[in-house]
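Chain A is the first sequence line, chain B the second, and so forth, proteins listed ahead of strands; every chain is numbered from 1.
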Number of protein chains: 2
Amino acid sequence: MATTTGTLTIKEVAAATGLSVHTLRYYERVGLIHAIDRADNSHRRYSEDDIGWINFLKKLRATGMSIHDMQTYAHLQRLGDSTLPQRVEMLKALQQQVEAHINELNEHLGLIRYKIEYYGAMIEAEALEAPA
Amino acid sequence: MATTTGTLTIKEVAAATGLSVHTLRYYERVGLIHAIDRADNSHRRYSEDDIGWINFLKKLRATGMSIHDMQTYAHLQRLGDSTLPQRVEMLKALQQQVEAHINELNEHLGLIRYKIEYYGAMIEAEALEAPA
DNA sequence: CCTTGACTTGGAGTGCACTCGAAGTTGTAG
DNA sequence: CTACAACTTCGAGTGCACTCCAAGTCAAGG
């Protein structure tokens, strides 16, 4: 649990995480990321741990979690281990949403595949009707 | 291919499809839905076929397709069978996106499940340290 | 000394997909 | 005749998640 001291610039973190520097500052501003360490010139210096957290945030976003809910989660995280039960509840709710979402996508995927097949057959049929 | 004549009000279609009346008008305005038949009093009268199309639109949206791309698709659809190849291409691209999305969600789901497990164990451990 | 470039801040602007408001028309019920 | 409900249009407003801008600071290079 060695809290690595910050060494990475915001640009480096942007490159490492795929978020823009704008988004990194935005995330910090809205409390998704804790107040980042500063160098003497007041520039941000991120640690490796920060990268880990940011990558986790990215995953939460990618599951469809809203910024608002992520703020709640980040806040609980900062409150420490006493909030573990609440965080587990949030994760369980998220798990169910994601599972439901995957199921829905799979259903729609079935229809898409069917249409590709069906339209493909129609195109074939037309090609036969009017051969070159 | 009997083009059923419109009998359903916008409210009924909203109830049937789960879209709001606002959204139904909006979709028509932006060209996702063709100009709907009107009753003598200029009220919209939807057909069963319209419901089918709207439900398909909902599925496209649910896969993450943008309104813009849906406009393209709807436009091609209205141009008739000659656009089948382009529509198949769009569907194939969509299929790949959805498959990729599902894979991503499954990966993140793995992490979520892991965290639920791990945090669950931490909570257990804490409960043992400080028994009631 | 001057320029360049990477950073800082606060606040404004953007794009998307709706969502709503205001004012008007029409048809039915009391 | 009046009230009401359901619809109509056009345009404005909303919420989300960024995304960008202007003006300023600071360190290093020429």
Side-chain angles (χ1 to χ4, degrees), chain A residues 6-47 50-51 53-75 94 97 101, chain B residues 6-47 50-51 53-75 94 97 101:
Chain A
T7 54
L8 300 157
T9 68
I10 195 168
K11 201 180 181 185
E12 288 166 345
V13 173
T17 63
L19 293 182
S20 72
V21 294
H22 299 296
T23 302
L24 286 171
R25 283 194 280 252
Y26 166 69
Y27 275 16
E28 185 176 339
R29 201 170 358 132
V30 300
L32 291 182
I33 303 172
H34 67 87
I36 296 293
D37 287 349
R38 300 306 179 108
D40 289 349
N41 57 9
S42 83
H43 290 193
R44 287 173 180 80
R45 290 291 177 265
Y46 294 79
S47 71
D50 293 331
I51 300 257
W53 173 247
I54 291 162
N55 279 328
F56 177 57
L57 288 179
K58 278 193 71 178
K59 288 173 195 195
L60 289 183
R61 274 299 290 141
T63 64
M65 187 183 269
S66 68
I67 295 291
H68 180 84
D69 285 358
M70 285 166 64
Q71 287 171 320
T72 302
Y73 191 95
H75 180 66
L94 181 62
Q97 284 172 38
H101 192 192
Chain B
T7 54
L8 300 157
T9 67
I10 195 167
K11 202 181 182 184
E12 288 165 345
V13 174
T17 63
L19 293 182
S20 72
V21 295
H22 300 294
T23 302
L24 286 170
R25 284 193 280 251
Y26 166 69
Y27 274 16
E28 185 176 340
R29 200 170 358 133
V30 300
L32 291 182
I33 303 173
H34 68 87
I36 296 294
D37 288 348
R38 300 305 180 109
D40 290 348
N41 57 10
S42 82
H43 289 193
R44 288 173 180 79
R45 289 292 176 263
Y46 293 80
S47 70
D50 294 332
I51 300 257
W53 173 246
I54 291 162
N55 278 329
F56 177 57
L57 288 178
K58 278 193 68 179
K59 289 173 196 196
L60 289 184
R61 274 299 289 141
T63 64
M65 188 183 268
S66 68
I67 296 291
H68 181 82
D69 285 357
M70 286 166 63
Q71 287 171 320
T72 302
Y73 191 95
H75 181 65
L94 181 62
Q97 284 171 39
H101 192 190

**Message:** Using a 4.0 Å heavy-atom cut-off to protein, can you give one letter per nucleotide of nucleotides 6-19 of chain D, 5' to 3': B if the base is in contact, S if only the sugar-phosphate is, - if neither?
**Reply:** SSBB-B-----BBB

**Asked** Do the non-hydrogen side-chain atoms of B:Leu8 and B:Arg45 ever get within less than 4.5 Å of each other?
**Response**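 When only atoms from C-beta onward are counted, B:Arg45 and B:Leu8 do not touch, as no gap falls below 4.5 Å.
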
**Request:** Given side chain to side chain contact (heavy atoms under 4.5 Å, CB included), test A:Met70 with A:Arg61 step by step and report yes or no.
**Result:** CA-CA 8 Å; A:Met70 285 166 64; A:Arg61 274 299 290 141; 3.3 Å; yes

**Asked** Is a side-chain donor-acceptor pair under 3.5 Å present for A:Asp69 with A:Thr72?
**Response**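 On atom types as modelled, these side chains do not qualify, holding no pair under 3.5 Å.
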
**Asked** Which atom pair, heavy atoms only, marks the closest approach of A:Ala14 to A:Leu24?
**Response**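 For A:Ala14 and A:Leu24, the tightest heavy-atom pair comes out as N-CD1, 3.6 Å.
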
**Request:** Determine, using ring centers only, whether B:His34 and B:His75 are less than 6.0 Å apart.
**Result:**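 Distance test on ring centres: not under 6.0 Å, no.
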
